[in-house]
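Below: one structure, written as structure tokens.
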Amino acid sequence: MNEFIRQARPGSKPLVAIIGRPNVGKSTLFNRLIRERKSIVEDIPGVTRDRIYADTEWDGVEFSLVDTGGFDPTDEEIYPSLIKNQIRIALDEADLILFVLDGKEGVMPHDRDVVGMLRKVKKPVIYAVNKIDDPKHETRAIEFHTLGIEEFIDISALQGRRI
């Protein structure tokens, strides 16, 4: 991640946008990266609706981070529509996109939709398969290659594994 961030915008703090489906661990990862509990973490979809920003430093590199609501490209109700708009704004602003996937649930149809959308965005994307809490669960992440993702990082935002 550091090489992408260092190349972003010379003279300004790069912005990293965290996106993904509801309940994949975006807010948990956001809180882990900023080293405080700023984003609400609940086991209920739709808790994060607005963009939440924080400045942080990781491995000697300063950057801004934005947490977004869960992205469901097929849901057309009012809240999901507002969340989609918030995500689009975050994607437009971002220098780097961190797409979080759920290693426990595996590949879902919406993941394919988002990967397709991200291929059209001309920005670097890091794919993180979350909820791989133990090395013996790493094989769960292999199925994410079916999305056409060559490289991803298997992590546990909750445990701090491979962050």
Is the backbone N or O of Ile18 less than 3.5 Å from a side-chain atom of Thr68, with the two atoms forming a donor-acceptor pair by type?
yes

With a 4.5 Å heavy-atom cut-off, do Asp111 and Leu147 have their side chains touching?
yes

For a 4.5 angstrom cut-off between non-hydrogen side-chain atoms, does Asp134 reach His137?
yes

Residues 114-129 vs salt bridge (Lys or Arg N to Asp or Glu O under 4.0 Å), sequence neighbours excluded, gives none

If you look at every heavy atom in Gly25 and Ala157, which pair is closest and at what distance?
O-CB, 4.3 Å

Residue pair Leu29 / Val100: nearest heavy atoms and the distance that separates them:
CD2-CG2, 3.8 Å

Do the charged groups of Lys26 and Asp67 touch, with an N to O distance under 4.0 Å?
no

Side-chain touch Val66/Leu15, heavy atoms, less than 4.5 angstrom:
yes

Report yes or no: do Val24 and Ile163 belong to one cluster of Ile/Leu/Val/Met/Phe/Trp/Tyr joined by side chain heavy-atom distances under 4.5 Å?
yes

Residue list, salt bridge (charged side-chain N to carboxylate O under 4.0 Å, His left out) with Glu138, at least two apart or on another chain
Arg161

Could you measure the distance from the CD atom of Glu143 to the CD1 atom of Ile149? Nearest 0.5 Å is fine.
10.5 Å

With side chains defined as the heavy atoms from C-beta onward, is the minimum distance between Leu118 and Tyr127 less than 4.5 Å?
yes

Just say parallel, tilted or perpendicular for the rings of Phe144 and Phe152, cut-offs at 30° and 60°.
perpendicular

Show your reasoning for whether side chain to side chain contact (heavy atoms under 4.5 Å, CB included) applies to Val114 and Met117.
CA-CA 5 Å; Val114 176; Met117 181 189 73; 4.3 Å; yes

Less than 4.5 Å apart, side chain to side chain, heavy atoms only: is that true for Ile19 and Ile97?
yes

Report yes if the side chains of Asp55 and Ile34 come closer than 4.5 Å at any heavy-atom pair, otherwise no.
no

How long is the straight-line distance from CD1 of Ile155 back to CD of Gln159, given to the nearest 0.5 Å?
11.5 Å

Within-4.5 Å side-chain heavy-atom neighbours: Asn31 and Glu36:
no

For the atom pair CZ (Arg21) and NE2 (His110), what is the distance rounded to the nearest 0.5 Å?
7.5 Å

Taking all atoms of both residues into account, what is the closest heavy-atom pair of Arg32 and Leu158, and its distance?
NH2-O, 2.6 Å

Side chains of Lys104 and Asp133: closer than 4.5 Å at any heavy-atom pair?
yes

Presence of salt bridge, Glu105 and Lys131, under 4.0 angstrom
no

Under the 3.5 angstrom rule, does the side chain of Asp154 hit a backbone N or O of Ile132 as a donor-acceptor pair?
no

On a heavy-atom basis, the closest approach of Gly103 and Val129 is CA-CG1, 3.6 Å

When clusters are formed by joining ILVMFWY residues with side-chain heavy atoms under 4.5 Å apart, either directly or through shared neighbours, do Phe30 and Ile153 land in the same one?
yes

